[in-house]
A.B. asks: 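Starting off with a structure, shown below.
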2 protein chains.
Amino acid sequence: MSKCEQCIIRQLNSLQHLSKEELIRMSNCKTSKTIKKGEAIFEEGDRLKGVFCIREGVCKVSKMSENGRNHIIGLVTKGDLLGERSLISDETSNLKAIALNDMQVCFIPKEEIMKDLEKNPNFSLSVLKDMANNLKQADNVIVDMAQKTVKQRLAETLLNLQAKFGTNKENVIDVYLSREDIANIIGTATESAIRLLSDLKKNKIIMFKGKQISILNSSELERISQGF
Amino acid sequence: MSKCEQCIIRQLNSLQHLSKEELIRMSNCKTSKTIKKGEAIFEEGDRLKGVFCIREGVCKVSKMSENGRNHIIGLVTKGDLLGERSLISDETSNLKAIALNDMQVCFIPKEEIMKDLEKNPNFSLSVLKDMANNLKQADNVIVDMAQKTVKQRLAETLLNLQAKFGTNKENVIDVYLSREDIANIIGTATESAIRLLSDLKKNKIIMFKGKQISILNSSELERISQGF
DNA sequence: TTTAAAACATGATATTTGTCACAATTTTAA
DNA sequence: TTAAAATTGTGACAAATATCATGTTTTAAA
């Protein structure tokens, strides 16, 4: 099993602020897991016993609405931590995490993380900063959901996906989502998402073949997301 | 000027975890401010030099959308802290705070708070828990905004207002908001909010005279918010 | 490879919501 | 106190979006 103190993934998140000794201790109590495409890392209502550090793959983090539809709150990928919040607030998870492709994750037990949070102010301040940023981000999403049209949100989501996941050499956005998943990110009916994607294609603003989506005209997409 | 170590407001937020010495130090560097109805505590883009502890009054915390409309993210009232997030992430504020009535707030300089965050793990863990809760709450709002109809959101907002502010002896919800503010909380046009409020009144689910709103049938309101 | 299931797509239609116009009422300030 | 401004309220209509029905294509499993 690989060692935390040598792991490069750690450089991508708050764990980079841990000392060498703390990392060695962590390495000794962590476990590695493989999660297959479609499987859950955890479900709504689960009591998490630790946090997950994503080494490989992507998962969708979602929540059931009172209307019985699923809403995707975020996509979590290499280098991200998953589950800190339920751990810190000491409640069962309000979210569900499903792998979009095969994943490699490390599991770090709760006690280990909590010990570090209490003993290492650099670490806890980093987690705090992270949460402050997430909260700011969440505010933006709330305003977008409340004020933007479905078309605007779709345009913005496509830009966000490209910014987060980048593109391959054929200019295809490096994450494959079903139309339903896209609809569940922007909060609309699958049919509406499909229709609007087709519109964008017809107007040569994007191109797609199945789940492979490319942005052809990002400045126009930007304009659309701002309501023009 | 009153002393932090004797202040009962502090018991309502994370400041309760500070030691007596920390509170005395804080008391010596804090300043008290009066903010009149309609005035801003801070604006979007301001660089905050500290946090505000609300002693009296209510303010709305809002953000401009790209569409040019204002969206109210939250209402902040007695006992709440305001501004910790911008402080922690060390960025200019993404939010604006406007007093809904005359307010009394204490201002605690940034250096003081940051010192306590680094030195007192109990305090920083409490702030962390607070943020984790806010983030969970934000997730719920995102899903509501994305999936619920305007009518559902209005019903839920009325219930939330009553839960947060309570009622006076005449059963009137103890916060006065304009129709426009209500519309800006649920993310709809003012006219739509007015129409739906009138509907609820016609069906004897609520009652109102101007800004004084009473809930007559909260179980029905609950049903509506859940989509029936 | 064949077949069933899932995902994608599109049309028709109903519902929700926004926009504009304007009137009535309330609040604010001179 | 009175005039101006802001807020509240309502109707008519347009635009956005959801829903339902149905067909096609793609994917996965036997």
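Here is the naming used below: chain letters follow the sequence lines, and residue numbers restart at 1 for every chain.
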A.B. asks: Please state how far atom NZ in B:Lys36 lies from atom P in C:dA29, giving the value in whole angstrom units.
C.D. replies: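 Going from NZ in B:Lys36 over to P in C:dA29 covers 11 Å.
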A.B. asks: When the distance from CG of B:Asp181 to C1' of D:dT8 is rounded to whole Å, what number comes out?
C.D. replies: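 Rounding to the nearest Å, CG of B:Asp181 and C1' of D:dT8 are 14 Å apart.
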A.B. asks: Strictly below 4.0 Å, heavy-atom distances to any atom of DNA chain D: list the hits from residues 182-201 of chain B, or just say none.
C.D. replies: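 Within this stretch, B:Glu191, B:Ile194, B:Arg195, B:Ser198 sit under 4.0 Å of the strand.
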A.B. asks: Do side-chain atoms of A:Arg179 reach the backbone of A:Gly210 as a donor and acceptor pair under 3.5 angstrom?
C.D. replies: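 Side chain of A:Arg179 to backbone of A:Gly210, a donor-acceptor pair under 3.5 Å: yes, one is there.
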A.B. asks: Do side-chain atoms of A:Asp46 reach the backbone of A:Leu48 as a donor and acceptor pair under 3.5 angstrom?
C.D. replies: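 Between the backbone of A:Leu48 and the side chain of A:Asp46 there is no qualifying donor-acceptor contact (under 3.5 Å).
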A.B. asks: Exactly one of B:Thr190, B:Ile213, B:Ile72, B:Ile194 should register a side chain to side chain contact (heavy atoms under 4.5 Å, CB included) with B:Ile182. Which one does?
C.D. replies: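 Looking at B:Thr190, B:Ile213, B:Ile72, B:Ile194, the match for B:Ile182 under the side chain to side chain contact (heavy atoms under 4.5 Å, CB included) is B:Ile213.
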A.B. asks: Here's one to test your reading of the geometry: is the NZ or CZ of B:Lys211 within 45 degrees of the ring axis of B:Tyr176 and under 6.0 Å from its centre?
C.D. replies: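 Judged by the rule (NZ or CZ under 6.0 Å from the ring centre, within 45° of its axis), B:Lys211 is not positioned above B:Tyr176.
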A.B. asks: Could you state the atom-to-atom distance from OH of B:Tyr176 to C1' of D:dT8 in whole Å?
C.D. replies: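 About 17 Å, once rounded to whole Å.
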A.B. asks: Check each residue of residues 210-228 of chain B for a non-hydrogen atom within less than 4.0 Å of any atom in DNA chain C, then write out the ones that pass by number, or none.
C.D. replies: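 Nucleic-acid contacts, sorted: none.
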A.B. asks: If you compare all heavy atoms of A:Leu12 against all heavy atoms of A:Lys78, which two are closest, and at what distance to 0.1 Å?
C.D. replies: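 The answer is CD1-O, 4.0 Å.
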A.B. asks: Relative to the 5' end of DNA chain D, which residue comes earlier, A:Lys151 or B:Leu177, by the nucleotide with the nearest heavy atom?
C.D. replies: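 The answer here is B:Leu177.
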A.B. asks: Over how many whole Å does the gap from B:Asn67 atom CG to D:dA16 atom P extend?
C.D. replies: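 Interatomic distance, CG of B:Asn67 to P of D:dA16: 13 Å.
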A.B. asks: Using distance alone, with no hydrogens and no angle criterion, decide if B:Arg55 and B:Ser2 have a side-chain donor and acceptor under 3.5 Å apart.
C.D. replies: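 Result is yes, a qualifying pair exists.
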A.B. asks: Rounded to whole angstroms, how far apart are CZ on A:Phe208 and C1' on D:dT25?
C.D. replies: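 Spelled out: CZ on A:Phe208 to C1' on D:dT25 is 13 Å.
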A.B. asks: For the side chain to side chain contact (heavy atoms under 4.5 Å, CB included) test, which of B:Ile142, B:Asn94, B:Val141 pairs with A:Asp139?
C.D. replies: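 That would be B:Asn94.
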A.B. asks: Could you point out which residue of B:Gln152, B:Gln147, B:Gln226 forms a side chain to side chain donor-acceptor pair (under 3.5 Å) with A:Asn67?
C.D. replies: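 Single side chain to side chain donor-acceptor pair (under 3.5 Å) partner of A:Asn67 among B:Gln152, B:Gln147, B:Gln226: B:Gln152.
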A.B. asks: Identify which nucleotide among C:dA7, D:dT19, D:dG9 has an atom closest to any side-chain atom of B:Arg179, counting heavy atoms from C-beta outward.
C.D. replies: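 Ranking C:dA7, D:dT19, D:dG9 by closest atom to the B:Arg179 side chain puts D:dG9 first.
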A.B. asks: What is the bend of the helix from C:dT1-D:dA30 to C:dA30-D:dT1 when you compare the axis at one end with the axis at the other, using five pairs each and rounding to 10°?
C.D. replies: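 The angle separating the two end axes equals 50°.
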A.B. asks: If you apply the rule side-chain contact (heavy atoms from CB on, under 4.5 Å), what do you find for A:Phe165 with A:Val58, and how did you get there?
C.D. replies: CA-CA 10 Å; A:Phe165 293 97; A:Val58 182; 3.8 Å; yes
A.B. asks: Nearest 0.5 Å, what's the CD1-CG distance between B:Ile9 and B:Leu81?
C.D. replies: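 Spacing of CD1 (B:Ile9) from CG (B:Leu81) equals 11.0 Å.
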A.B. asks: Find which nucleotide of DNA chain D each of A:Lys148 and B:Glu180 is nearest to by heavy atoms, and output the residue with the more 5' nucleotide.
C.D. replies: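 Its nearest nucleotide being more 5', the pick is B:Glu180.
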A.B. asks: Send over the distance from B:Gln147 CD to D:dT17 C1', rounded to a whole Å.
C.D. replies: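 Computing the B:Gln147:CD to D:dT17:C1' distance gives 13 Å.
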A.B. asks: Do A:Ser14 and A:Asp130 meet the criterion of a side-chain donor-acceptor pair at a distance under 3.5 Å?
C.D. replies: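 Note: A:Ser14 and A:Asp130 side chains miss the donor-acceptor criterion.
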